[in-house]
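So you know, we letter chains A, B, ... as the sequences are listed, proteins then strands, and number each from 1.
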2 protein chains.
Amino acid sequence: MKTSRIHQLIERLGLLARSESRRIGSEMALQPVHVQALQYLERCNRYSNTPAALVGYLGQTKGTVSQSLKLLAREGYLEKRTDPEDARVVRLHLTPKAHQALRQLPPTETWMHAERTLSPSERKALTAGLESLLKALQAAHGGRTFGICSTCRHFQNGVGEEHRCGLTGEVLTDDDSRRICQEHEERRSA
Amino acid sequence: MKTSRIHQLIERLGLLARSESRRIGSEMALQPVHVQALQYLERCNRYSNTPAALVGYLGQTKGTVSQSLKLLAREGYLEKRTDPEDARVVRLHLTPKAHQALRQLPPTETWMHAERTLSPSERKALTAGLESLLKALQAAHGGRTFGICSTCRHFQNGVGEEHRCGLTGEVLTDDDSRRICQEHEERRSA
DNA sequence: CTGTTGTGGTTTCGTGTCGATACTATAGAT
DNA sequence: ATCTATAGTATCGACACGAAACCACAACAG
């Protein structure tokens with residue numbers, strides 16, 4: 001099987017992005033993976049802020065994720081609260097420190113510059129390609145797609161602000177419907 | 001500065017690719033980075049098979065790279081030979097074991113499947129986008145582009161098989177001209 | 001021939017990643 | 001009441017990674 005050019009490119013770019021991320025994150029004692037975890041937690045909805053969801057999102061084992069979370073909690077980036085409904089599950093909440101850190105560490109200038117060398121249409125095609133690749137990859141891998149609520153097949157759009165999740169039956173605010181959900185499933189178009 | 005969607009997607013896909021790579025590489029005691037190093041060494045030319053070149057290619061520090069190489073040598077994936085011309089530099093040579101390993105560990109089936117869900121034109125656009133992104137990124141970062149010989153601005157195409165490198169003045173075979181060179185520079189089109 | 005400086009590589013150290021395995025505690029079903 | 005599944009933690013060992021100190025050779029000055 002000849003090795004895929006796309007795969008190779010992504011591994012390579014991923015590595016470079018990773019080492020940049022490590023450099024700028026190191027001032028705040030944040031490893032690349034930690035940044036990804038925090039970014040996820042900032043953008044996920046209230047059903048999806050658990051260690052288990054992160055395990056699916058990051059593609060690591062629960063032991064590893066548990067370690068990272070312990071560290072992040074120790075450094076004051078998040079709080080763990082046990083769920084009142086189910087005492088087994090832990091809810092993860094970002095602290096103000098985390099929100100602030102996230103605002104400070106987006107891509108480096110060299111990365112942004114590199115992106116700007118692409119034409120708008122190239123950028124668009126690239127984004128689209130990456131997104132569908134990710135979607136396909138996740139679909140194969142446990143079926144979790146981690147999309148935002150309003151694109152889910154369980155999403156029921158009501159009149160005005162009245163949305164609802166067909167899976168849990170709960171009412172969703174506008175804000176909710178823009179967040180990442182671990183139960184997200186693609187609408188079947190076929 | 002709002003964080004870039006492309007950057008985010010690549011970090012994410014990179015992480016997933018990485019964890020796949022770790023899984024399939026673990027049977028051979030190969031870490032994701034090791035695989036990238038071996039792949040580079042398999043495809044680079046005779047000027048570029050040194051630790052220093054790998055430092056540039058992988059974007060890591062020389063200490064880290066030295067560690068990885070030590071490990072790879074210990075496991076029998078490569079041999080280090082000191083250069084007869086300059087006793088400071090080390091030349092890295094893959095063993096048969098390495099070549100064989102490389103043949104066995106290309107992307108997983110799920111990854112290839114995901115790629116196949118893209119249309120040919122999408123794949124093409126994606127590849128092109130990733131490539132120019134990588135090129136721009138490397139250009140900013142030390143100027144090393146790690147392209148293949150025949151696309152370099154020092155490459156002089158002669159009659160028949162007679163190629164030559166304008167930088168070193170040496171004669172290049174057809175095979176040489178298809179390999180990665182650390183001295184590679186884009187042809188200036190402007 | 002002797003400094004001096006620069007460069008290619010290695011060593012050492014500390015912190016963190018990561019998977020594997022074993023473990024705890026709660027929920028839910030029979 | 002027991003059995004089983006689920007969410008999470010603890011511990012261990014191998015390794016990644018950057019930082020800093022270090023060594024050997026090369027190149028060049030006088």
Side-chain angles (χ1 to χ4, degrees), chain A residues 14-37 47-75 77-78 80-92 142 182, chain B residues 14-37 47-75 77-78 80-92 142 182:
Chain A
L15 182 62
L16 296 182
R18 191 182 168 75
S19 77
E20 287 209 325
S21 165
R22 188 187 311 278
R23 256 207 331 283
I24 55 180
S26 68
E27 296 142 29
M28 293 180 251
L30 284 174
Q31 303 284 321
V33 189
H34 298 166
V35 177
Q36 294 218 45
Y47 306 129
S48 312
N49 59 347
T50 71
L54 265 174
V55 167
Y57 185 79
L58 298 175
Q60 300 179 327
T61 64
K62 54 184 185 171
T64 299
V65 170
S66 180
Q67 284 311 300
S68 298
L69 293 175
K70 186 169 140 191
L71 186 82
L72 285 171
R74 193 184 69 200
E75 300 291 332
Y77 289 104
L78 52 81
K80 300 180 182 183
R81 308 191 195 135
T82 54
D83 187 317
E85 311 276 309
D86 183 338
R88 288 173 306 181
V89 334
V90 171
R91 297 283 163 190
L92 304 165
Q182 62 166 327
Chain B
L15 183 62
L16 296 182
R18 191 181 167 74
S19 78
E20 286 207 328
S21 164
R22 190 187 309 279
R23 259 207 330 282
I24 56 180
S26 68
E27 295 143 28
M28 293 181 250
L30 284 175
Q31 303 285 322
V33 191
H34 298 167
V35 177
Q36 295 217 44
Y47 306 130
S48 312
N49 59 346
T50 72
L54 265 173
V55 167
Y57 186 79
L58 298 175
Q60 299 180 328
T61 63
K62 53 184 185 170
T64 300
V65 169
S66 180
Q67 283 310 302
S68 299
L69 292 176
K70 188 169 139 190
L71 187 82
L72 284 172
R74 194 183 70 202
E75 300 291 333
Y77 288 105
L78 51 82
K80 300 181 182 180
R81 309 190 195 137
T82 55
D83 188 318
E85 312 276 311
D86 183 338
R88 288 172 305 181
V89 334
V90 172
R91 298 283 162 190
L92 304 166
Q182 60 166 329

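Between the P atom of dA10(D) and the CZ atom of Arg74(A) lies a distance of 13 Å, rounded to the nearest Å. Going from atom CG of Leu69(A) over to atom C1' of dC18(C) covers 14 Å, rounded to whole Å. The distance between atom CD of Gln31(B) and atom C1' of dC18(C), rounded to the nearest whole Å, is 8 Å. In this structure, CG of Leu58(A) is placed 16 Å from C1' of dG8(D), rounded to the nearest angstrom. Counting to the nearest Å, the C1' atom of dC17(D) and the CZ atom of Arg18(A) are 10 Å from each other. Rounded to a whole Å, the CG atom of Asn49(B) is 14 Å from the P atom of dG8(C). Separating the CG atom of Leu30(B) from the P atom of dA16(D) is a distance of 10 Å, rounded to the nearest angstrom. Atom CG in Leu54(B) sits roughly 14 Å away from atom P in dA16(D) (whole-Å rounding).
Using a 4.0 Å heavy-atom distance criterion, Arg81(A) is classed as making no nucleic acid contact. At the heavy-atom level, Val65(A) lies nowhere under 4.0 Å from the strands shown.
Considering every non-hydrogen atom in both Ala29(A) and His34(A), the closest pair reads O-ND1, 4.4 Å. Contact between Ala53(B) and Ser48(B) at its shortest, heavy atoms only, is CB-O, 3.3 Å. Heavy-atom minimum distance, Leu15(A) versus Leu58(B): CD2-O, 3.7 Å.
Taking the side chain as every heavy atom from C-beta outward, Pro51(A) and Lys62(A) never approach each other to under 4.5 Å. With a 4.5 Å cut-off on side-chain heavy atoms, Leu92(A) and Lys80(A) count as touching. Side-chain contact between Arg18(B) and Arg18(A): present, with at least one pair of heavy atoms (C-beta onward) separated by less than 4.5 Å.
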Atom pairs, protein N/O to nucleotides 18-21 of chain D N/O, distance under 3.5 Å:
unit_1, atom_1, unit_2, atom_2, d
dG18(D), OP2, Thr61(B), N, 3.1
dG18(D), OP2, Thr61(B), OG1, 3.4
dG18(D), OP2, Thr64(B), OG1, 3.1
dG18(D), N7, Thr64(B), OG1, 3.1

Worksheet entry | Watson-Crick and G-U pairing of DNA chain D written in dot-bracket, each distance under 3.5 angstrom, with | for inter-strand partners | ||||||||||||||||||||||||||||||
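Qualifying ring pair (Phe, Tyr, Trp, His ring centres under 6.0 Å) partners for Tyr77(B), counting only residues two or more places apart in sequence or in other chains: none. Under the side chain to side chain contact (heavy atoms under 4.5 Å, CB included) criterion, Ala52(B) pairs with Thr50(B), sequence neighbours left out. Val65(A) pairs by the side chain to side chain contact (heavy atoms under 4.5 Å, CB included) definition with Leu54(A), Val55(A), Gln60(A), Leu69(A), not counting sequence neighbours.
Contacts between residues 84-91 of chain A and DNA chain C, counted as heavy-atom distances below 4.0 Å, involve Asp86(A), Ala87(A), Arg88(A).
For Ala52(B), the side-chain atoms get nearest to dG9(C) when compared with the rest of dC17(D), dG9(C), dG8(D).
Under 4.0 angstrom from either OP1 or OP2 of dG8(D) there lies no side-chain N or O belonging to Lys80(A). Distances shorter than 4.0 Å separate none of the side-chain N or O atoms of His34(B) from OP1 or OP2 on dC15(D).
Note: Arg91(B) CZ to Asn49(B) CG = 5.0 Å, rounded to the nearest 0.5 Å.
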Discussion item. Determine whether Leu71(A) and Arg74(A) satisfy the following criterion, side chain to side chain contact (heavy atoms under 4.5 Å, CB included), listing intermediate values before the conclusion.
Written reply: CA-CA 5 Å; Leu71(A) 186 82; Arg74(A) 193 184 69 200; 2.9 Å; yes
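When each of Val89(A), Thr82(A), Val90(A) is tested with Asp86(A) by the rule side-chain contact (heavy atoms from CB on, under 4.5 Å), just one qualifies, namely Val89(A).
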